[in-house]
Amino acid sequence: MSACVPTRTDSKRTQRIHRPHSPPSTPPRRFRIAGADVSAAIAVFLIALPLSLGIALATGAPLQAGLVAAAVGGIVAGRIGGSPLQVSGPAAGLTVVTADLIQRYGWRTTCAITVLAGLAQLGLGCLRVARTALAVSPAIVHGMLAGIGVTIAVAQLHIVLGGTPQSSVLANLRALPAQLAGLDPAAVAVSAMTLTLLLLWPRIPGRAGRLLRRVPAALIAVSGATAAAALAGLVLPKVDLPSWRSHALAGLPEGPALGLVAAVLTTTLVCSVQSLLGAVAVDKLIATRPGGPARVGRSDLDRELLGQGAANIVSGTLGGLPVAGVAVRSSANVQSGAVSRNSTMLHGVLVVVAALLMVPILELIPLASLAALVMAVGIQMVSLHHIRTVTRHREALVYAVTTLGVVFLGVLEGVTLGIAVAVAVALHRLTRTRITHDEKEGVHHVHVRGQLTFLAVPRLSRALHHVPQGSHVVVELDGSFMDHAAYEALQDWRKTHTAQGGTVELTGRRVATGTDPGAADPDPGATSTGTGTGTGTGTGTHADTDTASAPHTAHPTLHLGSARAECQCRPWTPWRNHRCEVPRLAPPAAASGQHPGRHPDRQPGQHPSRHPDRHGDAPRPTEAGQTTDPSVLTPLGGTSAPAAPLGGRQLVHGITAFQRNTAPLVRGELARLAKEGQRPTQLFLTCADSRLVTSMITSSGPGDLFVVRNVGNLVPPPGEESGDDSVAAAIEYAVDVLHVRSITVCGHSGCGAMQALLQSDPGQTQTPLRRWLRLGVPSLERMADDRRPWPRLAGRAAADAVEQLCLTNVVQQLEHLRAHESVARALRSGELELHGLYFHVGEAQAYLLQGQDEGVVFDHVGAVDLTA
């Protein structure tokens, strides 16, 4: 059969695959609620009911206000908001703010402030500034939540002990000894039982535990404590829900204008930041949810801000608490399998039904039980995980200052103080520069780490002053910025030192490639520096300029030790924009007969990045009188190493940069791996294409992946005459010896092997490459089989036949994998998983295979919570 497969015109398949920019024309369907949404709504409702009452109790608001906010948050924010699965309602993060407002202005004015805050959120949503809230440092957000949690826990502790909380944290702490002396045993017993059930319920082991844990722990804790108090006949303050006829609604705001404006801004800030960060967190939970039954779109943050604003307007008007996204309910909604915003709205409807029909049952709940529940929530807001995270990122000071500011000054004051400290820390890091001076084998090294600004000039001058006259100096600038004052100080010293018979070599992350004595001085604000090679002359720099376009009047002496000075790339980005071009030794255009600017070996139309000189595929000329033997190994990093061919300079630069910058960071981990041996969790089988960087795509490091690469990411079936034992051996070793948990077959866009497979002719001479590509013929046959569905990308059809074959090839190679005995055995025992991956190079987007039967789809891989 011909290997060239035409594009199919199957009418049925055309109906299933639509163009990317034309939505499918589907007939209108009746409104239906998925069963997953119903079960998720019930789970969220059972969590929201006791928490809403507890938060209302903690703020000092009417208890019905918590139910109003929960219902409005579910129905209004759930319908209008941009995060389909985020559940909104009265949040613990707003407790301190609302309690302070009620104390200062009263309940009716607090409702009016909630309405005004909602209007402000609508304005911000219309201005589309929601993404700005994500610029707040996570240390400030975590510190704010921790401070609010401490405030809540200290206040509710008084109710747990049978007393009444005071107006501030300091007052509560001062009154705590007297409260402990006069505690109420009945309240303590009910609170202790609530906390015990809350702690132990999620830890019930066995199959029975898995079934019982479906009921929320908060509901079990409050219900159990209420039943125990009723059976024991304990006399305790209980929930008091007055008639809805006497429910207080919003009134006109009363109080000083400046104070009201500050109150509105504080409420707007806390509600908006908590809701937007919650929406981002919900997206991460959805992306990592295993086996999601349907795709849920990513959050529209501006629309989410509009939804939260509308909910606050309605809640404040109806006499409810301020509304924001709630992490506990949102995570429960996602984990319960919700697939649309219907679950959030249905939970709000259930709260309305409970508020109207379950008043006699709700009035049996002891206040001490609700206080214990809210106190536990406050304690959980001080997350040890967050503390470890901010400590690892050296932001513990910002976290601590924000927490203490919120506890002792207030939310707005604490956040403002945290922002000020965060800015101060950032400025300190920007101006912090380490300058060291040492001598090695007669060469003086001055190493500058950090940004070189005028603040570091005195220390730089002091270090340069200790360099003896007439010596050879290497000044290494390990930073990305140099201001005018630092540049002039460095250049003045360099000119003086070279005038006295010394030599200066300036190196850094971005340096020049030429040594033209007549080159002009660089822009003092540029971040690159020149390189002197002992000539005592000035060295020009060309920031952000390809060396191919730089003039070269004379070729410099080439040394292995200074090879790093021939690249303008920074660590980890040597590939970006192909900035590793090196000077060419082509004869003049007039003498060689070549067109000006064209390399003699380059064919017309050939891209510079394809030239052999770029990748060392062809030998380069060397200096006159110099010989290079490729069999001789030379130490890297020396300043007087023998000359080397230009073809190896990029390799030497990369190795030198690794030894200087990366090796110190990974040496400890590699030493551990060398001692313990490799323990990868994944076998990653992908194409040999140079554009596929497996560690970059998977964000993996040493010891994470066992990688097998070949042309076309092919998996030879076992027992084939044309099989390849090297691939089979790697599979067997990974599964049986390394015990990997998953195998991933990764294809990619623009695959040259698939293009060659489509264009192949059976009558061609069988070269090694063509014999290898015969292993891809089953993929061609699968693509030509009308009985099998075409794999496709989420949201669009394949761009062309090559992309369709790339997708089909991934699916076919997974079938070849299953035929290997070691893989089949591990799959049967449940110890191994197979995954298909497609990487679109131009989009930098990974697509994960979602099915192996009808309707095979490669879906987008969403963002993952990196802090988890």
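With hydrogens and angles disregarded, no donor-acceptor distance shorter than 3.5 Å links the side chain of Ser779 to the backbone of Thr808. No donor-acceptor pair under 3.5 Å is formed between the side chain of His820 and the backbone N or O of Val823. In terms of modelled atom types and a separation under 3.5 Å, the side chain of Arg329 and the main chain of Val44 share no donor-acceptor contact. Side-chain N or O atoms of Ser343 include none that pairs as donor or acceptor with a backbone N or O of Ala41 at under 3.5 Å. The backbone N or O of Leu827 lies less than 3.5 Å from no partner atom in the side chain of Arg818, so there is not a single donor-acceptor pair. With Arg691 contributing its side chain and Gly750 its backbone, the two residues share a donor-acceptor pair below 3.5 Å. Side-chain atoms of His816 come within 3.5 Å of backbone atoms of Val715 as a donor-acceptor pair (strictly under, hydrogens ignored).
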Go through it in stages, so that I can follow the logic: the residues are Val280 and Ser299, the test is side-chain contact (heavy atoms from CB on, under 4.5 Å), and I'd like the CA-CA distance, side-chain angles, deciding distance and then a yes or no. CA-CA 7 Å; Val280 174; Ser299 298; over 6 Å; no
Residues Glu781, Asp785; criterion side-chain contact (heavy atoms from CB on, under 4.5 Å); working and verdict: CA-CA 6 Å; Glu781 296 173 347; Asp785 189 352; over 6 Å; no
side-chain contact (heavy atoms from CB on, under 4.5 Å) between Leu849 and Leu814, intermediate numbers included: CA-CA 11 Å; Leu849 184 62; Leu814 288 173; 3.6 Å; yes
Assess the residue pair Leu780 and Leu758 against the criterion (side-chain contact (heavy atoms from CB on, under 4.5 Å)); give the C-alpha distance rounded to whole Å, side-chain angles, the decisive distance to 0.1 Å, and a yes or no. CA-CA 8 Å; Leu780 278 172; Leu758 279 172; 3.8 Å; yes
Donor-acceptor list for residues 698-712 side chains, cut-off 3.5 Å, not counting sequence neighbours:
unit_1	atom_1	unit_2	atom_2	d
Thr698	OG1	Thr694	O	2.7
Thr698	OG1	Ser700	OG	2.8
Asp704	OD2	Gly701	N	2.7
Arg709	NE	Cys687	O	3.0
Arg709	NH1	Leu692	O	3.1
Arg709	NH2	Cys687	O	3.1
Arg709	NH2	Asp689	O	2.8
Arg709	NH2	Leu692	O	2.8
Asn710	OD1	Asn713	N	3.1
Asn710	OD1	Leu714	N	2.8
Asn710	ND2	Leu714	O	3.0

Under 3.5 Å, which donor-acceptor pairs do the side chains of residues 831-839 form with other protein atoms, sequence neighbours left out?
unit_1	atom_1	unit_2	atom_2	d
Glu833	OE1	His835	NE2	3.2
Tyr838	OH	Glu803	OE2	2.9

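In terms of heavy-atom proximity, Gln804 sits nearest to Ala798 at OE1-CB, 3.4 Å. Of all heavy-atom pairs spanning Leu807 and Arg792, the tightest one is CD1-CA, 4.0 Å. Listed here is the closest heavy atom pair of Ala130 and Leu276: O-CD1, 3.3 Å. Nearest approach of Ser340 to Asp37, heavy atoms of both residues: OG-OD2, 2.6 Å. Among all heavy-atom pairs drawn from Ser330 and Val282, the shortest one is CB-CG2, 3.7 Å. The shortest heavy-atom contact between Ala40 and Ala338 is CB-CB, 3.7 Å.
Under a cut-off of 6.0 angstrom, the local environment of CZ in Arg303 is crowded, with over 12 non-hydrogen atoms contributed by other residues, nucleotides or ligands.
Every residue meeting the side-chain contact (heavy atoms from CB on, under 4.5 Å) condition with Arg210, not counting sequence neighbours, appears here in chain and number order: Arg207, Arg213. For Arg672, the salt bridge (charged side-chain N to carboxylate O under 4.0 Å, His left out) test picks out Glu669, Glu676, with sequence neighbours left out. Residues meeting the side-chain contact (heavy atoms from CB on, under 4.5 Å) test with Leu211, sequence neighbours left out: Arg214. Taking the side-chain contact (heavy atoms from CB on, under 4.5 Å) definition, one finds that Thr681 meets it with nothing, sequence neighbours left out.
Atom OG of Ser331 sits about 7.0 Å away from atom CD1 of Ile47, to the nearest 0.5 Å. Rounded to the nearest 0.5 Å, atoms CD (Gln766) and CZ (Arg771) are 7.0 Å apart. Taking CE from Met345 and CZ from Arg79, the interatomic distance works out to 6.0 Å, rounded to the nearest 0.5 Å. Residue Phe684 holds its CZ atom at 10.0 Å from OG of Ser695, rounded to the nearest 0.5 Å. The distance from the CG atom of Leu346 to the OG atom of Ser39 is 10.0 Å, given to the nearest 0.5 Å. Going from atom CD of Gln755 over to atom OG of Ser760 covers 12.5 Å, rounded to the nearest 0.5 Å.
Under the 4.5 Å side-chain criterion, counting only non-hydrogen atoms from C-beta, Leu683 is not in contact with Leu738. Taking the side chain as every heavy atom from C-beta outward, Asp736 and Arg825 approach each other to under 4.5 Å. For the pair Met783/Gln812, no side-chain contact is recorded, criterion being any heavy-atom separation below 4.5 Å from C-beta on. Residues Cys751 and Val802 are not in side-chain contact: their nearest non-hydrogen atoms beyond the backbone lie 4.5 Å or more apart. Side-chain contact between Trp772 and Pro716: present, with at least one pair of heavy atoms (C-beta onward) separated by less than 4.5 Å. With a 4.5 Å cut-off on side-chain heavy atoms, Leu773 and Leu757 count as touching.
Under 4.0 Å is where a charged nitrogen must lie from a carboxylate oxygen, and between Arg828 and Glu821 at least one such pair does.
No hydrogens or angles considered: a donor-acceptor pair under 3.5 Å links the side chains of Ser88 and Gln308.
Checked against Gln813 for a side chain to side chain contact (heavy atoms under 4.5 Å, CB included), the options Leu817, Asn809, Val810 give a single hit: Asn809.
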